[in-house]
Visitor: 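Quick one: this structure, given as structure tokens, is what I'll be asking you about.
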Amino acid sequence: MTTVLAIETSCDETAAAVATGDGTGPASWTIRSSVIASQVDIHREWGGVVPELASRQHVRDLCGVVERALDDGGVGWGDLDAVAVTQGPGLVGSLLVGVAFAKSAALALGRPLVPVHHLAGHIESLFLCRPDLPLPAVVLVVSGGHTNLYHLPAAGRYELVGRTRDDAAGEAFDKVAKLLGLTYPGGPVIDRIARRGDERAIRFPVARMTHDDRAAGPATVTPPGLPRRGEGRMDFSFSGLKTAVARHLQRRRAEDPGPVTEPELADICASFQRAVIDALLDRTFEAVRRFGARGLGIAGGVSANSRLRELAQERGEKKGLPVVLPTLHLSTDNAAMIAAAGLRQLSAGVTAPLDLNADPALPLRAGGAAP
Ligand code: KG4
Ligand code: ZN
């Protein structure tokens with residue numbers, strides 16, 4: 001049995017988890033503890049994550065969070081076989097806190113340090129929930145910073161086949177919430193208000209990225225592994241949708257300067273949310289068809305969205321396709337998923353030297369998160 005301590009500090013959650021596995025894969029992964037100290041109340045006041053405040057708060061919280069994770073998991077420092085940590089991507093100041101802590105712990109314990117890619121963590125959260133997720137699979141990682149579509153031909157292999165060309169879906173939720181005068185983070189608030197609205201009330205257009213975007217120009221870099229445009233790449237775009245909501249509000253205020261009523265707000269939230277979900281699911285199911293996937297997973301903060309969960313399951317059932325969504329605790333940032341990805345790395349023999357550095361733009365390599 002291998003016991004790992006995992007640490008996640010890539011954005012605004014300070015998280016630690018303890019997990020064990022026998023190296024045979026997800027079926028043997030047991031999460032013994034998972035502790036999250038959320039900074040959401042600190043950043044809400046500013047309407048978004050303030051990087052400097054985030055890294056300072058990680059420094060304050062991390063020791064306590066790790067001690068609590070060890071206690072809850074019923075293990076002492078001496079029981080640990082490895083220390084896994086999110087190396088990137090994320091806010092560099094935040095990442096550095098976790099990486100420095102993990103390096104120190106690994107050095108003091110004389111145990112291996114395991115580098116983990118944050119998105120590999122989100123993908124592996126699916127295997128924590130369903131160890132036998134059928135492969136090949138298509139996985140949509142949809143969070144505040146990313147909207148990426150992966151093809152998983154085999155366990156631990158992540159091939160990027162599409163991504164957003166502008167805003168991430170979670171970012172669109174957060175920005176639209178701000179336009180509507182709602183609090184940060186916008187996703188959960190819009191999710192709640194949308195339940196009272198009519199999702200067909202307003203038609204918000206969503207760009208379908210079926211061909212080359214000539215306006216994007218040559219500055220757009222194709223990350224390693226991502227097919228070039230026109231070679232079967234399936235992209236998303238959400239910034240136009242945000243503008244459509246802003247225009248709708250402008251028109252409404254020009255016609256009637258009175259405040260937006262509760263029912264109107266609910267209709268806007270529901271219609272916006274449905275437009276995002278349709279764009280996400282249309283592309284994702286298209287990828288399922290293209291790759292002949294036998295399983296589908298949706299991970300990341302936006303996978304907590306109640307309507308997305310409902311509609312994804314509904315579409316999956318119609319096609320006889322197993323659709324896996326993480327539990328709510330595993331949807332948003334947490335360290336249990338980093339432990340899972342760390343165990344996967346460790347069983348593949350991937351460890352890092354003690355001069356490991358945080359990388360805010362770390363690419364997720366098709367073969368895993370190995371540096
Ligand atoms: O994965 P995550 O915790 O952090 C990143 O890696 O970005 O995702 C946070 C994002 C935020 O944009 C938040 O608004 C969104 O996930 N989110 C939601 C919901 N819960 C969180 N979006 C829509 N509906 C939700 N219920
Ligand atoms: Zn995340």
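Heads up: numbering here begins at 1 and tracks the sequence. In listed order, ligands and their atoms are each counted from 1. What you see is a predicted model; the values in this text were computed from it and never measured. Computation of the quantities below employed the complete heavy-atom set of this structure, encompassing side-chain atoms and omitting hydrogens, waters and symmetry-equivalent molecules.
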Visitor: Take a 6.0 Å sphere around CZ of R247 and say whether it holds more than 12 heavy atoms from other residues, nucleotides or ligands.
Guide: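 No, the 6.0 Å shell around CZ holds no more than 12 heavy atoms from other groups.
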Visitor: Is a salt bridge present between D167 and K242, judged by a nitrogen-to-oxygen distance below 4.0 Å?
Guide: yes
Visitor: How far is atom 4 (O) of ligand 1 from the closest protein heavy atom, and which atom is that?
Guide: D333 OD2, 3.1 Å
Visitor: Does K175 come within less than 4.0 Å of E171, counting only side-chain N to carboxylate O?
Guide: yes
Visitor: Side chain, backbone, both or neither: which part of H146 has a heavy atom under 4.0 Å from ligand 1?
Guide: neither
Visitor: Which protein heavy atom lies closest to atom 8 (O) of ligand 1, and at what distance to 0.1 Å?
Guide: G301 CA, 3.3 Å
Visitor: Is there a side-chain contact between T20 and V4 in this structure, where contact means two heavy atoms from C-beta onward sitting under 4.5 Å apart?
Guide: no
Visitor: Show the atoms of ligand 1 that are less than 4.0 angstrom away from any heavy atom in G170.
Guide: 12 (O)
Visitor: Are side-chain heavy atoms of L241 and F272 found at a separation under 4.5 Å?
Guide: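 L241 vs F272: side chains touch.
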Visitor: Is the terminal nitrogen or CZ of R344 (NZ for Lys, CZ for Arg) located under 6.0 angstrom from the six-membered ring centre of F127 and within 45° of that ring's axis?
Guide: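 The answer is yes, since R344 meets both limits relative to F127.
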Visitor: Under 2.8 Å from the Zn ion (ligand 2), which protein N, O or S atoms are there? Could you list them by chain and number?
Guide: H118 NE2, H122 NE2, D333 OD1
Visitor: For ligand 1, find out whether one of its N or O atoms is nearer than 3.5 Å to an N or O atom of G144.
Guide: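 Looking only at distances, the answer is yes, because the N/O contact criterion of under 3.5 Å is met.
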Visitor: Got a donor-acceptor contact below 3.5 angstrom from the D256 side chain to the R252 backbone?
Guide: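 Not a single qualifying donor-acceptor pair exists.
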Visitor: How far is atom 24 (N) of ligand 1 from the closest protein heavy atom, and which atom is that?
Guide: N305 ND2, 3.0 Å
Visitor: Within the 4.0 Å heavy-atom shell around T332, which atoms of ligand 1 are there?
Guide: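 Selected atoms, number and element: 3 (O).
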Visitor: Just to check, does E13 reach to within less than 4.0 Å of ligand 1 when the distance is taken from its heavy atoms?
Guide: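 So E13 does not count as touching ligand 1.
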Visitor: Indicate yes or no: does K178 engage D174 in a salt bridge with an N to O separation below 4.0 Å.
Guide: no
Visitor: In Å and rounded to the nearest 0.5 Å, what is the NE2 to OG distance from H118 to S143?
Guide: 6.0 Å
Visitor: Are H248 and F204 close enough that their ring centers fall under 6.0 Å?
Guide: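 Here the rings of F204 and H248 have centres that are less than 6.0 Å from each other.
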Visitor: So, 4.0 Å and heavy atoms of Q273: is ligand 1 close enough to count as a contact?
Guide: no
Visitor: Applying a heavy-atom cut-off of 4.0 Å, say which part of D191 lies close to ligand 1: side chain, backbone, both or neither.
Guide: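 For D191, the contact with ligand 1 is made by the side chain alone.
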Visitor: Do any N/O atoms on P185 end up under 3.5 angstrom from N/O atoms on ligand 1?
Guide: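 So ligand 1 has no N or O lying under 3.5 Å from an N or O of P185.
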Visitor: Could you check atom 22 (N) of ligand 1 against the protein and tell me its nearest heavy-atom contact, residue, atom and distance included?
Guide: G187 CA, 3.3 Å
Visitor: Any idea which of V141, T86, D174 brings a heavy atom closest to atom 14 (O) of ligand 1?
Guide: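 Considering heavy atoms of V141, T86, D174, the nearest to atom 14 (O) of ligand 1 sits in D174.
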Visitor: Hey, does I298 have a side-chain heavy atom less than 4.5 Å from the side chain of V139?
Guide: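 Counting from C-beta outward, V139 and I298 never come under 4.5 Å.
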Visitor: Can E286 and R283 be counted as an ion pair, charged N to O under 4.0 angstrom?
Guide: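 Yes, this pair counts.
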Visitor: Report, in ascending order of atom number, the atoms of ligand 1 lying under 4.0 Å from any heavy atom of G145.
Guide: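 So the atoms of ligand 1 that pass are 7 (O).
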Visitor: At a 4.0 Å threshold, what atoms of ligand 1 neighbour a non-hydrogen atom of A304?
Guide: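 In order of number, 20 (N), 26 (N).
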Visitor: Under 4.0 Å between a Lys/Arg side-chain N and an Asp/Glu carboxylate O for R44 and D41?
Guide: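 Between D41 and R44 there is a salt bridge, with a charged N closer than 4.0 Å to a carboxylate O.
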